[in-house]
Amino acid sequence: MALRLYDTRTAEIRAFEPLVAGEVSLYYCGATVQGRPHVGHIRSAVCFDILTRWLEHSGYRVMTVRNVTDIDDKILEKSAQSYAAGFEPSEDYPAAEPWFALAYRFEQVFAEAYAAVGVRRPTYEPRATGHITEMHALIQRLIDAGHAYPALDDSGDVYFDVRSWPQYGELTHQSVEDMQDAPDADPRGKRDPRDFALWKGHKDDEPLTASWDSPWGRGRPGWHVECSAMSTKYLGAQFDIHGGGLDLRFPHHENELAQSAAAGDGFARFWLHNGMVTMNGEKMSKSVGNTISPDEMLARARPRAVRYFLGQAHYRSQLDYRPGSLQEAQAAVERIENFLDRALPQGHGAGVSGELPEAFTAAMNDDLNVPAALAALHETVRAGNTALDAQDADTARSCAGQVLGMLDVLGLNDVPEPGHDDAGGAMEALSHLVEAQLAQRAEAKQTKDFARADAIRDALAAVGIAVEDTPDGATWSLRGGHR
RNA sequence: GGUGGGGUGGCCGAGUGGCGAGGCAGCGGCCUGCAAAGCCGUAUACGCGGGUUCGAUUCCCGUCCCCACCUCCA
């Protein structure tokens with residue numbers, strides 16, 4: 001069965017066929033780098049990372065582009081605040097920081113946050129500020145086609161003319177007439193309050209560094225135009241998939257689609273939107289204050305568990321966080337790891353086949369049904385454990401190979417685990433100390449001195465080292481940092 | 001008011017016109033010196049009311065509730 005995906009625009013699941021055989025072009029919206037990432041950004045990235053991995057596993061060559069919005073109202077506002085009298089600097093927002101320094105700094109924080117849960121870098125990450133000329137060209141095409149106009153006042157803005165584009169609303173299935181009037185719409189210079197800015201004229205209180213010359217006067221880009229300009233520059237006038245969070249459907253993606261289509265570009269063939277992350281059923285947002293940051297998650301559970309949690313629900317479903325979610329995810333992850341440790345001790349994993357179970361493949365092809373894919377993974381783990389208990393090493397090894405293959409697709413094998421990969425010499429030294437303790441404990445057990453054996457185990461447990469007995473002797477692992 | 005998505009066992013979370021995915025937690029058992037890990041077993045689950053059907057959680061109608069978006073939003 002081939003891959004089928006849900007397309008927001010047509011509101012249907014249909015077979016995915018790329019524009020160019022064997023190649024997939026994917027654009028998905030990244031962040032406006034005005035602050036630290038929150039888990040919604042990371043969930044979105046995990047979803048599209050899994051999509052990318054699945055496409056690659058399916059044999060496609062995938063070009064992925066994710067934008068960095070490094071100029072916008074909020075970035076300028078945060079920077080301006082840092083110069084204001086009475087500003088109190090914090091760790092996240094130092095005093096007197098230029099907007100471009102702020103944006104660049106947070107861009108790097110985002111990169112670290114993505115990497116911490118094993119999200120691979122896109123093929124390219126274009127910045128809005130680096131594509132002003134492409135935006136100008138697009139805006140000019142829209143003006144020439146009669147779908148955009150310079151502001152009727154002297155603001156220097158350029159607006160998209162919503163009324164000139166009958167298809168406006170097609171992505172979110174709304175008609176312009178039915179839209180609720182925007183309470184904060186500032187109609188100055190607009191033909192219709194729903195018209196949106198392609199170009200924003202420079203204002204005197206904004207730094208000159210945040211403006212560029214244009215045929216319509218000095219200014220800066222509107223929010224939506226960058227994605228149209230950059231996606232088509234790197235992926236072509238028409239490309240396969242455009243993704244992003246559900247909350248970007250309107251206005252952001254609707255406007256992107258309108259301006260690109262009105263300019264004559266085919267644009268995205270599939271629109272994919274991931275669901276929101278909620279806390280006890282409500283969307284996490286800073287204004288409500290019900291947030292947990294990626295850093296806080298990583299402080300509460302291992303990176304691999306955090307990724308498992310963020311990726312475990314279907315990508316279109318809402319993902320609910322509540323106390324205990326991460327511990328549950330970690331328990332599930334460790335169940336998988338325990339099996340691999342039993343089946344492939346000490347690096348015997350080399351050369352095992354990563355062939356995937358049919359149920360897993362079918363689930364992934366069915367609009368990336370990760371929950372069903374995880375069910376297949378866990379069933380393979382159980383089958384493998386059963387085989388181990390029956391001394392059937394070949395079956396166990398085969399199951400382990402399949403599990404490794406599935407973990408690769410889900411990206412769980414790529415998550416860096418501190419204290420595991422990079423502890424180097426310290427880990428080596430610790431290993432000798434623990435082995436010596438275990439040898440003493442084995443001796444105690446030999447002489448049936450269980451009190452002493454338990455004392456050693458308890459002492460190790462007290463410092464975070466878990467000891468488990470197996471038919472082949474005791475094994476140990478660091479609690480919180482997998483062996 | 002408009003648009004879209006939901007309400008599944010203690011929790012999370014798939015799915016299906018009829019043999020109850022999966023994970024976590026719980027209980028019982030096997031194994032173990034004891035644990036841990038693992039395996040086996042274990043649940044009168046599908047918001048409510050009607051209808052269609054031999055049979056509905058799944059389809060239809062009605063109804064209640066929740067969530068998201070309607071120009072800051074992943």
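Letters A, B, ... are given to chains in the order of the sequence lines, protein chains preceding strands, and every chain is numbered from 1.
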Shortest side-chain distance from [X], nucleotide among [options]:
{"X": "A:Arg382", "options": "B:rG38, B:rU71, B:rG22", "result": "B:rG22"}
{"X": "A:Asp320", "options": "B:rG23, B:rC12, B:rU3", "result": "B:rC12"}
{"X": "A:Phe196", "options": "B:rU71, B:rC70, B:rG23", "result": "B:rU71"}
{"X": "A:Arg335", "options": "B:rC39, B:rG33, B:rA74", "result": "B:rC39"}
{"X": "A:Arg322", "options": "B:rC70, B:rC24, B:rC11", "result": "B:rC11"}
{"X": "A:Asp389", "options": "B:rA74, B:rC39, B:rC70", "result": "B:rC39"}
{"X": "A:Arg342", "options": "B:rG33, B:rG2, B:rA37", "result": "B:rA37"}

Starting at the 5' end of RNA chain B and moving along, which residue's nearest nucleotide shows up first, A:Phe339 or A:Ala313?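 It is A:Ala313, whose closest nucleotide lies nearer the 5' terminus.
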
Discussion item. By nearest heavy atom, map A:Tyr6 and A:Cys29 onto RNA chain B; which one lands nearer the 5' end?
Written reply: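 Upstream on the strand: A:Tyr6.
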
ask   = If you draw a 6.0 Å radius around CD in A:Glu12, do more than 12 non-hydrogen atoms from other residues or ligands fall strictly inside?
value =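 Above 12, so yes.
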
With both distances kept under 3.5 Å, what pairs with B:rG38, Watson-Crick or G-U wobble?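 Across all strands, the one nucleotide that pairs with B:rG38 is B:rC30.
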
Check your understanding: Can you tell me the Watson-Crick or wobble partner of B:rG22, both distances under 3.5 angstrom?
Key ->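 B:rG22 is paired with B:rC12.
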
Would A:Arg194 and A:Tyr168 count as a cation-pi pair here, with the cationic atom under 6.0 angstrom from the ring centre and within 45° of the axis?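 No, A:Arg194 and A:Tyr168 do not form such a contact.
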
For a quick check, tell me whether the side chain of A:Gln174 and the base of B:rG2 share a donor-acceptor pair closer than 3.5 Å.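 Answer yes: a donor N or O sits under 3.5 Å from an acceptor.
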
